[in-house]
Amino acid sequence: MTNSPAADQTGKIVAWYDRHHRDLPWRISPPMAVRGIRPDPYRVWLSEVMLQQTTVQAVKSYFALFTAKWPTVTDLAEAETEDVMKAWAGLGYYARARNLKKCAEAVAFSHGGRFPDTEEGLKALPGIGDYTAAAIAAIAFDRPAAVLDGNVERVISRLHAVDAPLPGSKPLMRALVAKMTPGERPGDFAQAMMDLGATICTPRRPACALCPVNGSCTALASDDPERFPVKAGKKEKPVRLGAAFVAVDETGAVFLRKRPGHGLLGGMTEVPNTDWTARQNGATGADAAPFDAAWHDCGTVVHVFTHFELRLTVFRSRVGRATAAGHVAGPGWWEPEESLAGEALPSVMKKAIAQAIPDAFQPRLRSQAAMQSRG
DNA sequence: TAAACGTGGGG
DNA sequence: TCCCCAAGTTT
């Protein structure tokens with residue numbers, strides 16, 4: 001009998017995966033997977049959440065840290081939220097970390113410590129949307145779920161030369177993936193599509209000569225593959241201005257405080273700073289400081305967020321702790337310099353602190369260098 | 001439906 | 001330097 005074109009492509013892609021798959025810390029690669037060895041759903045879930053809008057390279061060290069610190073979903077559920085935020089610091093999109101903890105608690109305390117094994121059950125959990133639910137169902141539970149992420153969108157849009165722009169064309173693409181998804185090894189098929197998109201069917205300069213389905217790719221045959229997927233135009237980034245205040249006491253400790261538990265950088269730690277506004281209105285200078293001190297202008301750091309660019313003027317002051325205690329507005333604490341690097345500081349805050357104290361995050365390096373230069 | 005939500009790397 | 005983007009979800 002003759003396979004359908006979709007099934008033919010599926011077979012070629014899975015065969016390609018068997019030879020060219022990436023070995024990743026959270027993955028059970030063939031031939032182990034073919035023997036029915038399933039990956040730990042906890043590790044699959046953790047990796048999938050970390051990988052949302054985030055590169056494999058960036059995720060690797062965080063995945064190692066999390067699985068060493070919290071080997072099971074129950075360990076994570078019983079952890080202090082603050083420790084989870086500290087461990088997530090630097091990875092970005094911090095709502096993921098907040099939802100990660102909530103999801104772990106739901107699984108540990110409401111689902112008997114086991115993840116639901118269906119798309120529907122998974123999608124009901126915090127931080128798990130269409131993609132992640134399908135990915136976990138397919139990879140961890142061998143369900144023939146239609147897994148559609150950015151990689152798969154690229155592969156599918158090129159195979160079928162989908163002219164309609166994203167995200168409107170998502171339902172069409174999901175239907176096209178569903179048609180290709182096999183009853184056997186659906187998890188390996190999903191991972192094969194993602195590996196194909198990541199290593200062959202790349203956004204720019206795709207390696208079509210090496211593609212297992214280059215014989216049936218509409219974009220390659222009739223057009224420029226790089227033209228796909230078609231996306232809606234992006235908006236330009238507004239600039240916001242603000243000021244940050246790095247107060248250092250006589251021991252080198254830095255005054256820190258906590259951000260609200262929602263919104264931008266929600267639940268993360270910060271140095272005191274002003275609102276970030278569109279226009280310089282006079283409130284972004286040293287006069288906006290959280291308490292009176294001799295504030296020294298350390299210059300500006302630029303940090304680009306998803307939807308705006310921030311230009312932060314950084315001020316530093318040397319403050320006697322006893323003196324400052326009575327003048328500090330609002331709650332906060334003095335963080336010793338040796339433990340500063342372990343705080344739940346997002347990158348923009350580390351950047352601001354480093355602007356004021358260049359070696360703030362290398363106190364050991366500093367003393368080692370001093371020792372060596374003397375030795 | 002559109003906007004909010006981080007970061008670092010690569011062309 | 002600048003722009004794109006990388007295994008999306010929530011509101």
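So you know, we letter chains A, B, ... as the sequences are listed, proteins then strands, and number each from 1. Note that this is a predicted model, so its numbers are computed, not measured.
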So does [X] get a side-chain nitrogen or oxygen closer than 4.0 Å to the phosphate oxygens (OP1/OP2) of [N]?
X: A:Lys234; N: C:dC4; answer: yes
X: A:His303; N: B:dG6; answer: no
X: A:Arg98; N: B:dC5; answer: no
X: A:Gln53; N: C:dG8; answer: yes
X: A:Thr55; N: B:dT7; answer: no
X: A:Tyr94; N: B:dT7; answer: yes
X: A:His307; N: B:dA4; answer: no

Per [X] side chain, nearest of listed nucleotides [options]:
X: A:Ser347; options: C:dG8, C:dA6, B:dG8; answer: B:dG8
X: A:Tyr131; options: C:dG8, C:dC5, C:dT10; answer: C:dG8
X: A:Phe305; options: B:dG8, C:dT9, B:dG6; answer: B:dG6

Value in whole Å for how far the [atom2] atom of [N] lies from [atom1] of [X]:
X: A:Arg205; N: B:dG10; atom1: CZ; atom2: C1'; result: 14 Å
X: A:Trp276; N: B:dA4; atom1: CH2; atom2: C1'; result: 14 Å
X: A:Met268; N: B:dG6; atom1: CE; atom2: P; result: 9 Å
X: A:Leu310; N: B:dG6; atom1: CG; atom2: P; result: 13 Å
X: A:Arg154; N: C:dG8; atom1: CZ; atom2: P; result: 10 Å
X: A:Leu125; N: C:dT9; atom1: CG; atom2: P; result: 12 Å
X: A:Gln52; N: C:dG8; atom1: CD; atom2: C1'; result: 5 Å
X: A:Glu309; N: C:dC2; atom1: CD; atom2: C1'; result: 11 Å

Could you check whether [X] gets within reach of a base, just the sugar-phosphate, or nothing at all, counting any heavy atom under 4.0 Å?
X: A:Thr132; result: sugar-phosphate
X: A:Val152; result: nothing
X: A:Val304; result: base
X: A:Gly90; result: sugar-phosphate
X: A:Trp26; result: base
X: A:Pro346; result: sugar-phosphate
X: A:Ile128; result: sugar-phosphate
X: A:Leu24; result: base

Does the plane of the ring in [X] sit parallel, tilted or perpendicular to the ring in [Y]? Use 30° and 60° as the thresholds.
X: A:Phe245; Y: A:Phe315; answer: parallel
X: A:Phe308; Y: A:Trp276; answer: tilted
X: A:His303; Y: A:Phe305; answer: perpendicular

State, without any angle test, whether A:Tyr131 and A:Gln52 hold a side-chain donor-acceptor pair at a distance under 3.5 Å.
no

Indicate yes or no for a side-chain donor-acceptor contact from A:Asp188 to the backbone of A:Pro186 under 3.5 Å, with no hydrogens or angles considered.
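Not at all, since once roles are kept as given, no pair shorter than 3.5 Å links the two residues.
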
Give a yes or no on whether a donor-acceptor pair under 3.5 Å exists between the nucleobase atoms of B:dG8, that is its base, and the side chain of A:Thr54.
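There is none.
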
Decide yes or no, distance alone: a donor-acceptor N/O pair under 3.5 angstrom between the base of B:dG6 and the side-chain of A:Thr306.
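Check passes, donor-acceptor contact within cut-off.
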
Taking the nucleotide of DNA chain C with the nearest heavy atom to each, does A:Arg204 or A:Lys170 sit closer to the 5' end?
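That would be A:Arg204.
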
Between A:Pro167 and A:Gly266, which is nearer to the 5' end of DNA chain B once each is assigned its nearest nucleotide?
A:Pro167

Sub-4.5 Å side-chain heavy-atom contact between A:Leu159 and A:Gln9
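They are in contact (side-chain heavy atoms under 4.5 Å apart), so the answer is yes.
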
Can you check whether A:Trp88 and A:Tyr62 have ring centres sitting under 6.0 Å from each other?
no

